[in-house]
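Following: one structure in structure tokens, then a few remarks.
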Amino acid sequence: QVQLVESGGGLVQAGGSLRLSCTASGSISSSYTMGWYRQAPGKQRELVASVTGEGRTNYADSAKSRFTISRDNAKNTVSLQMNSLKPEDTAVYYCNANWYSSYVYWGQGTQVTVSS
């Protein structure tokens, strides 16, 4: 029922910035927790950041001081501002919507590549 589309990925140099955006096909209910995950080749998909409908955020240790997640329900979007990017951040980034772990939706992913 929910479709998510990511955009904003690309190739940047270490120390640079990118802003990822995710647009939902429908309105994003406050009942959904929205998040960004990433998966590098040969590695397990991992949580980067999440934000609840109440505005509570959670970040991976590697992202805590550099990334910022935000949501705009009026625009049906969730974004991830990434600063001070490192080569270790290279991965496919996926938008995620989670309704009490009963309904989970994923975007197709957007590639982020950080060169040294």
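The first residue in the sequence is number 1, and the count goes up from there. All values below come from the heavy atoms of this structure, side chains included, with hydrogens, waters and symmetry mates left out.
Between E6 and G109, the shortest heavy-atom distance links the atoms OE1-N, 2.8 Å. Closest non-hydrogen pair, W36 versus C22, comes out as CZ2-CB, 3.6 Å. A14 and P87 get closest at one heavy-atom pair: CB-CD, 4.1 Å. Looking at every heavy atom in both residues, L4 comes nearest to Y105 through CD1-O, 3.6 Å. Heavy atoms only, all atoms of each residue included: C95 and V78 are closest at SG-CG1, 3.6 Å. Scanning all heavy atoms of the two residues, the minimum distance from A49 to L80 falls at CB-CD1, 4.1 Å.
Between the CE atom of M34 and the CG atom of N98 there is a distance of 9.5 Å, given to the nearest 0.5 Å. With rounding to the nearest 0.5 angstrom, the CD atom of Q81 is 12.0 Å from the CD1 atom of I69.
F67 is linked by a ring pair (Phe, Tyr, Trp, His ring centres under 6.0 Å) to nothing, counting only residues two or more places apart in sequence or in another chain. S17 pairs by the side-chain hydrogen bond (donor to acceptor under 3.5 Å, both in side chains) definition with N83, not counting sequence neighbours. Residues forming a salt bridge (charged side-chain N to carboxylate O under 4.0 Å, His left out) with R66 (at least two apart in sequence, or on another chain): D89. Residues passing the salt bridge (charged side-chain N to carboxylate O under 4.0 Å, His left out) test with E46, sequence neighbours excluded: R38.
In this structure, V104 shares a hydrophobic cluster with Y37, L47, V92, Y94, W106, the cluster being traced through Ile, Leu, Val, Met, Phe, Trp and Tyr side chains under 4.5 angstrom apart. Hydrophobic side-chain contacts under 4.5 Å tie L11 to no other Ile, Leu, Val, Met, Phe, Trp or Tyr residue.
The aromatic rings of Y103 and W99 sit tilted, their planes meeting at an angle between 30° and 60°.
You'll find the side chain of T90 reaches within 4.5 Å of the side chain of Q111, heavy atoms only. Annotation: side chain of S50 is in contact with side chain of T33 (closest heavy-atom distance under 4.5 Å). When side chains are defined from C-beta on, R19 counts as touching S79, because their heavy atoms get closer than 4.5 Å.
Salt-bridge formation is detected for the pair R56/E54: a Lys NZ or Arg NE/NH1/NH2 atom is positioned less than 4.0 Å from an Asp or Glu carboxylate oxygen.
Around CD of Q3, the count of heavy atoms belonging to other residues, nucleotides or ligands within 6.0 Å does not exceed 12.
With no hydrogens or angles considered, a side-chain donor-acceptor pair links N73 and R71 at under 3.5 Å.
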